[in-house]
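In what follows, a single structure is set out as structure tokens and then discussed.
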Protein chains: 2
Amino acid sequence: MPTALPRLRADAAANRARILEVAREAFAAEGLDVPMTAIAHRAGLGVATLYRRFPTKEDLVAEAFTEQLDECAGLLDAALADPDPWRAFCWMVTQLCEMQARDRGFSAAFVTASQRTTEFGALRERAERGFAELVRRAQEAGGLRRDFHPADLSLILLANGGVRAGTAELTAAASRRLVAYLLQAFRADGAAPLPRPTAVPLDAALR
Amino acid sequence: MPTALPRLRADAAANRARILEVAREAFAAEGLDVPMTAIAHRAGLGVATLYRRFPTKEDLVAEAFTEQLDECAGLLDAALADPDPWRAFCWMVTQLCEMQARDRGFSAAFVTASQRTTEFGALRERAERGFAELVRRAQEAGGLRRDFHPADLSLILLANGGVRAGTAELTAAASRRLVAYLLQAFRADGAAPLPRPTAVPLDAALR
DNA sequence: GGTCAAGTGGAAGGCACCGTCCGCTTCCGC
DNA sequence: GCGGAAGCGGACGGTGCCTTCCACTTGACC
């Protein structure tokens, strides 16, 4: 932190915290297009207060999601510590996709955030290198097919991000099934059982 | 068609056609959020003219995509005519995903359209039944895994719909790779080669 | 060619959102 | 307590969109 900004007044600090809490909840449930006014109101505050703490919506989004980005970093460390590379790879993909499925704002926030500060950029780069290492090991061990490319992570997240069913539960289930299919496709060999199919109506399917 | 609406004046008919042409192009390239004003202007017309022909944006969208819906129906018929069920299944999935990747508005339009008239609803239902038949045959023949469910079509289209890279070409390539992975996962056995990986930056990946 | 419904364009209405401004209120240090 | 800075809320300006309105033009038919 470059400049030590003056401490907030007690009530202001509490409000700020409440704003973040509400924002995280709202973004997760409804995506990033929740109006600022709505967030402020749900936090029992006026819009001005919100804008005093977070000059733009982007700032709010970035701040609201730092927690999750840290969580991602943690996941990666955990995966890299696993002695079984293929299991680590599967686990990592599963966890990431689960986070994404759980939180509608996650993907969008990731983009917003990583375009903002170099801090996020660095975090992302580190994540990419870590994942590449995970891939290398899993291929070395023979679990992961040779033609899997670390950049396929983008593909996975894009595809998984597209999965949005009616309710959160449906989305989660659909995402799990997709991940199971994908991991099956990523195996160097063999086949594995799948979770039960999720009945998403075609209507809800496309969008 | 319930009532034979009066023939359009020659110029009006031409304008209507040009609107549709422009709209299809715009929706495909930029998605459904192209402003009505922009479409009218690109067709060399005022907004009012557009609204005279298509009372709401939804109407325009629906009309602009009927062609593609018919194309889908055609695909299905072709697939059902193929004597090799597994090949037919793969081909159908590939074609659908390719259409979807080529046209940014496709998915959204499908939803809009199918919620409008019973005509579209019927078309969709027929498509669902046809695809289910395709699935049944492919499983019967032993190419498709037994636990694939017809509703997985939704999952496929959702996932594929999420794939959006920078350019149209990148998107198409990414989509092809995803489809290859998925078809691999759908096989009752074995493994197959993949197209080369597409380097979508993580930034672009998420959204 | 003349008539007039059909067709046309641009301006304006309505709405939802982001972000700002300004007068009032509340906490904190003395 | 009390003064003043920090905090606060709601109204407001700006933008971009869908859609409507209305005065003007144009093509088809007699």
Side-chain angles (χ1 to χ4, degrees), chain A residues 3-23 26-27 29-65 104-105 108-109 111-113 115-116 207, chain B residues 3-24 26-27 29-65 104-105 108-109 111-113 115-116:
Chain A
T3 58
L5 30 149
R7 249 189 313 292
L8 288 178
R9 227 165 65 177
D11 56 343
N15 283 341
R16 192 189 134 95
R18 191 154 66 254
I19 288 172
L20 274 176
E21 188 188 338
V22 167
F27 290 150
E30 300 163 52
L32 253 43
D33 50 357
V34 183
M36 291 294 261
T37 324
I39 293 173
H41 224 71
R42 282 184 223 178
L45 298 167
V47 220
T49 308
L50 203 170
Y51 275 100
R52 170 173 287 266
R53 283 318 141 222
F54 307 95
T56 81
K57 185 168 189 173
E58 215 179 287
D59 290 310
L60 175 60
V61 168
E63 184 89 18
F65 283 91
R104 284 195 53 179
V111 178
T112 309
Q115 283 170 345
R116 281 171 48 79
R207 214 184 56 93
Chain B
T3 59
L5 30 148
R7 249 190 313 292
L8 287 179
R9 229 166 62 180
D11 57 340
N15 284 340
R16 191 189 136 96
R18 193 154 64 253
I19 288 172
L20 274 176
E21 189 187 337
V22 167
R24 269 193 275 263
F27 289 150
E30 300 164 52
L32 254 42
D33 50 357
V34 183
M36 291 292 262
T37 325
I39 292 173
H41 224 70
R42 282 185 224 178
L45 299 168
V47 223
T49 308
L50 203 170
Y51 274 97
R52 171 171 286 265
R53 283 319 141 222
F54 307 95
T56 80
K57 185 169 189 174
E58 214 179 287
D59 290 311
L60 175 60
V61 168
E63 185 89 18
F65 283 91
R104 285 195 53 182
V111 177
T112 309
Q115 282 170 345
R116 281 170 48 79

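Worth saying up front: this structure is predicted, and the values here are computed from it rather than measured. Values reported hereafter were calculated over all heavy atoms of this structure, with side chains retained and with hydrogens, waters and symmetry mates removed.
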* Asked: To the nearest Å, how far apart are B/L8 CG and D/dA28 C1'?
  -> 13 Å

* To do: Tell me which nucleotide among D/dC8, D/dC21, C/dA11 gets nearest to the side chain of B/V47.
  => C/dA11

* **Presence of salt bridge, B/R42 and B/E30, under 4.0 angstrom** => yes

* Once you round it to whole Å, what is the distance between C1' of C/dG9 and CZ of B/R53? -> 14 Å

* Below 4.0 Å: OP1/OP2 of C/dC28 and any side-chain N or O of A/R7 -> no

* Asked: B/M36 CE to C/dG10 P: how many Å, rounded?
  -> 16 Å

* To do: In whole angstrom, give the distance that lies between atom CG of B/L32 and atom P of D/dC17.
  => 14 Å

* Below 4.0 Å: OP1/OP2 of C/dG7 and any side-chain N or O of B/T49 -> no

* Tell me: CZ of B/R16 to P of D/dG27, nearest whole Å? -> 19 Å

* To do: Scan A/A48 against the nucleic acid and name what it touches under 4.0 Å (heavy atoms): base, sugar-phosphate only, or nothing.
  => base

* To do: Evaluate side chain to side chain contact (heavy atoms under 4.5 Å, CB included) for A/E63 paired with A/R16, printing each intermediate quantity in order.
  => CA-CA 11 Å; A/E63 184 89 18; A/R16 192 189 134 95; 2.9 Å; yes

* Asked: What's the spacing between A/R53 CZ and A/L60 CG if we round to 0.5 Å?
  -> 13.0 Å

* Report yes if the side chains of A/L20 and A/F54 come closer than 4.5 Å at any heavy-atom pair, otherwise no. => yes

* How would you label the contact of A/A40 with the nucleic acid (heavy atoms, under 4.0 Å): base, sugar-phosphate, or nothing? -> nothing

* Hey, is the side chain of A/Y51 poking within less than 4.0 Å of OP1 or OP2 on C/dT20, counting only N and O atoms? -> no

* To do: Report yes if the side chains of A/L50 and A/L45 come closer than 4.5 Å at any heavy-atom pair, otherwise no.
  => no

* D/dT20 OP1/OP2 closer than 4.0 Å to side-chain N/O of B/R52 -> no

* **N or O in side chain of B/N15 less than 4.0 angstrom from C/dT8 OP1/OP2** => yes

* **Distance, rounded to the nearest Å, where B/K57 contributes NZ and D/dC17 contributes P** => 9 Å

* To do: Check if the side chain of B/R9 and the base of C/dA6 share a donor-acceptor pair of N or O atoms closer than 3.5 Å.
  => yes

* To do: Find which nucleotide of DNA chain D each of B/P55 and B/D33 is nearest to by heavy atoms, and output the residue with the more 5' nucleotide.
  => B/D33

* Distance, rounded to the nearest Å, where B/F54 contributes CZ and C/dG7 contributes C1' -> 15 Å

* Mind calculating the distance between CG (A/L50) and C1' (C/dT20) to the nearest angstrom? => 14 Å

